Amino acid sequence: MSFDEAALARARERVAGAERILVLSGAGLSAESGLDTFRGAGGLWRNHRATDLATPEAFARDPDLVWAFYEARRAAAFDVEPNPGHHALALLEERLGDGLLHLTQNVDGLIAAAGARRALEIHGSLRQVRCSRGCSEPFEDLRRPFPHPAVCDGCGSLLRPAVVWFGEGLDPDHLDRGFAFGARAEVVLVVGTSGQVEPAASLAREAARHGAALIDVNPEPSLLASHATEVLTGPAGAVLPRLIAT
Ligand code: OAD
Ligand code: ZN
């Protein structure tokens, strides 16, 4: 393994001794399940069109095209399995109960598939759709292909994927919970995120500023590495099972 074994041992001790851990995860957590990251080699957002498609304006202009892009993402996400990184985080949740808060930027549902029931999906979920006018709550719909165009029962507007698009805000309750929990956490565990997207990056930095030890798990240096107490340079599926082993 390419990372420093001494760093892993120190990080493992911090995790084992902590009663409150904030976990922040990103696309890298699902990379070993076979899903593309956004900014890595061959990443989804490398293709400029993808960035153009993940906006409310794009949906208003050409909903068929946006649905085609999400159909492909749903197919990819629904066909893969959680990896040992997801399973390790599910085990940590089981161990710590309310002492763990997991905010994920991932929309693939793999954390729940690994048995973790309480991760907050701050960027939404490919497993859900919602009214594009926002008249009601998102709901689960796993039909494949999704029978677009389908309309909201309440107001007749088109249904859209229940994911957060560029230019849209996050659920303020998720953020409040993340910042409040982070301010009193002993460890903030950052997994598979480039740290380029707010507010996930600030959640990690703020928790560290309040005294949490930041552990960064990533095969490449992330933007959060300079704030980290321990940098574990390796893939989540290999590092996390060893990190949380008691
Ligand atoms: P990125 O694609 O920006 O970053 C993925 C990170 O995962 C990179 O730092 C990789 O080095 C790392 N990585 C790759 N393989 C890994 C592995 N096996 N184990 C651990 N880490 C690995 O993805 P995010 O940070 O999740 O938002 O991107 C954040 C948000 O940007 C996404 O949720 C999406 C996008 O715009 C929305 O769609 C709203
Ligand atoms: Zn509606």
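Just so you know, these numbers come straight off a predicted model, no measurement behind them. Whatever order the structure lists them in is the order used to number ligands and atoms, beginning at 1.
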**Asked** Salt-bridged, R160 to E168, with N to O below 4.0 Å?
**Response** yes
**Asked** Quick check: does A236 get an N/O under 3.5 Å from an N/O on ligand 1?
**Response** yes
**Message:** Please check if the number of heavy atoms outside R144 that lie under 6.0 Å from its CZ is greater than 12.
**Reply:** yes
**Request:** Any atoms of ligand 1 less than 4.0 Å from a non-hydrogen atom of G192? List them with their elements.
**Result:** 5 (C), 6 (C), 7 (O), 20 (C), 21 (N)
**Request:** Take every heavy atom of P219, measure it against each atom of ligand 1, and state whether any distance is under 4.0 Å.
**Result:** yes
**Fill in**
Within 4.0 Å of some non-hydrogen atom of G26, the atoms of ligand 1 are 26 (O)
**Message:** Using heavy-atom distances only, which candidate in T37, N218, V107 approaches atom 10 (C) of ligand 1 most closely?
**Reply:** N218
**Asked** Would one find more than 12 heavy atoms of other residues, nucleotides or ligands at under 6.0 Å from atom CZ of R95?
**Response** yes
**Prompt:** Taking the Zn ion (ligand 2) as the vertex, how big is the angle to SG in C131 and SG in C155, rounded to 10°?
**Reply:** 100°
**Asked** Which bit of W165 is near ligand 1, meaning a heavy atom under 4.0 Å away: side chain, backbone, both or neither?
**Response** neither
**Item:** Closest to atom 16 (C) of ligand 1 among G28, P235, A200, S33 (heavy-atom distance)
**Value:** G28
**Message:** Check this for me, if you would: do R118 and D98 make a salt bridge, where the nitrogen-to-carboxylate-oxygen distance has to be below 4.0 angstrom?
**Reply:** yes
**Message:** Both conditions, 6.0 Å and 45 degrees, for the charged tip of R130 above the ring of F139: are they met here?
**Reply:** no
**Asked** Does a sphere of radius 6.0 Å around CG in D153 hold more than 12 heavy atoms from other residues, nucleotides or ligands, not counting ones at 6.0 Å or beyond?
**Response** no
**Parallel, tilted or perpendicular: ring planes of W67 versus F146, cut at 30 and 60 degrees** = parallel
**Request:** Look only at interatomic distance and state if N106 has a nitrogen or oxygen under 3.5 Å from any nitrogen or oxygen of ligand 1.
**Result:** no
**Prompt:** Got an N/O contact under 3.5 Å between V197 and ligand 1?
**Reply:** no
**Message:** Heavy atom to atom 29 (C) of ligand 1, shortest distance: which of Q105, E220, E198 holds it?
**Reply:** Q105
**Asked** Can you find a non-hydrogen atom of Q196 under 4.0 Å from ligand 1?
**Response** no
**Message:** Are more than 12 heavy atoms, taken from residues, nucleotides or ligands other than E140, located less than 6.0 Å from that residue's CD atom?
**Reply:** yes
**Fill in**
Here the atoms of ligand 1 under 4.0 Å from any heavy atom belonging to E32 are 17 (C), 18 (N), 19 (N)
